[in-house]
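Below: one structure, written as structure tokens.
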Amino acid sequence: MTTLERLYANLLEAYGPQGWWPVLDFAGTNPTKTGSVHGYHPGRYDFPRNERERFEICVGAILTQNTAWPNVEQALRRLKKAGRLTPNELLAIPLSELKVAIRPSGYYNVKAKKLLEFTRFYLSLHGRTPTRAELLEVWGVGPETADSIRLYAYGELEMVVDAYTRRFLSALRLAPPEASLEQVRAWCGRQLPPSVPAYQEFHALMVEHGKRCYSRKPYRDALFGAGAVNG
DNA sequence: AACCAGGACGTGA
DNA sequence: TCACGTCATGGT
């Protein structure tokens, strides 16, 4: 068992299954979560259950770039309420109307453009699963967004690593501070068993732990991270 | 009432 | 490559 596997097991025990990626209109809740409690499905790994949910996850992945999830959830609800949460519906919106709908998630000018770019790409796939390289070619889709889409929207085995993960692992000295996100990502991929549910849960746990202990500025309780390793 | 969030892009060195 | 500025709303 690798150190990262042990870390994963301890975080899972501490926080419980996170139920990522959240989707609208799912009745389940996760009472252990601090922020929004809607749409999470702890312990279930059969999402997305249909094309509608798949596209919604993609849209959420773009809207959540450097943005707190409750803001994204508002934007998704506004899109849905306006009947614009499918690819063709979204492409049919006047640009100004799209910006108004997604305003709560911030950066609405760039994100509106990103959504349109991605949606065109999404339709061009005709249901096929995009490769990571293909996703990275889309304007507005960077490494974390591409990996999140692969892992959560398409259920592909893709490691997702974010700023929290890098801070956490470097604080534990599992990764050098100067390691790039890509290096950390490759390393994590080698340390965990190749399981889609495990990858999904791992990233969700890293975000939850990051929010609690590795928020920017002073790390609130970095010692807990070390404790999580040693048990 | 600052501070920051589940990043990515454009630019200049 | 890489560091830095920019994008913006809402929660704490």
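Only a predicted model underlies this, so the values are computations on that prediction, with no experimental measurement involved. Naming: A, B, ... by sequence-line order, numbering from 1 per chain.
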Would you tell me if any nitrogen or oxygen in the side chain of A:Thr67 comes within less than 4.0 Å of OP1 or OP2 on B:dG7?
no
Just N and O in the side chain of A:Trp69: are any of them under 4.0 Å from OP1 or OP2 of B:dC4?
no
By nearest-heavy-atom nucleotide on DNA chain B, the more 5' of A:Asn71 and A:Gln65 is A:Asn71
Starting at the 5' end of DNA chain B and moving along, which residue's nearest nucleotide shows up first, A:Ser148 or A:Lys113?
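The residue closer to the strand's 5' end, by nearest nucleotide, is A:Ser148.
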I would like to know whether A:Tyr214 and A:Phe168 meet ring pair (Phe, Tyr, Trp, His ring centres under 6.0 Å); could you show each step before the answer?
CA-CA 7 Å; A:Tyr214 289 88; A:Phe168 186 30; 5.0 Å; yes
What does A:Val72 touch in the nucleic acid at a heavy-atom separation under 4.0 angstrom: a base, only the sugar-phosphate, or nothing?
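Counting heavy atoms under 4.0 Å across all strands, no contact is made by A:Val72.
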Base, sugar-phosphate, or nothing for A:Ser105, non-hydrogen atoms under 4.0 angstrom?
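If one applies the 4.0 Å heavy-atom cut-off, A:Ser105 turns out to touch nothing in the nucleic acid.
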Measure from the side chain of [X], starting at C-beta and using heavy atoms only, and say which of [options] lies closest.
| X | options | answer |
| --- | --- | --- |
| A:Asn66 | C:dG10, B:dA8, C:dA8 | C:dA8 |
| A:Tyr108 | C:dC7, B:dA5, C:dT9 | C:dT9 |
| A:Thr145 | B:dA8, B:dC9, C:dT9 | B:dA8 |
| A:Pro143 | C:dC7, B:dA8, C:dG11 | B:dA8 |
| A:Glu144 | B:dG7, B:dC9, C:dT9 | B:dG7 |
| A:Tyr107 | C:dC7, C:dT9, C:dG11 | C:dC7 |

Taking B:dA1 as the reference, what is the distance to C:dA8 when you measure between their P atoms (whole Å, please)?
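Here C:dA8 and B:dA1 have their P atoms 25 Å from each other.
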Out of A:Asp162, A:Leu174, A:Leu169, which residue meets the side-chain contact (heavy atoms from CB on, under 4.5 Å) rule with A:Val184?
A:Leu169
Answer yes or no on whether A:Arg103 is positioned over the face of A:Tyr108, meaning its NZ or CZ is under 6.0 Å from the six-membered ring centre and within 45° of the axis.
yes
Residues A:Thr145 and A:Lys114: side-chain donor-acceptor under 3.5 angstrom
no
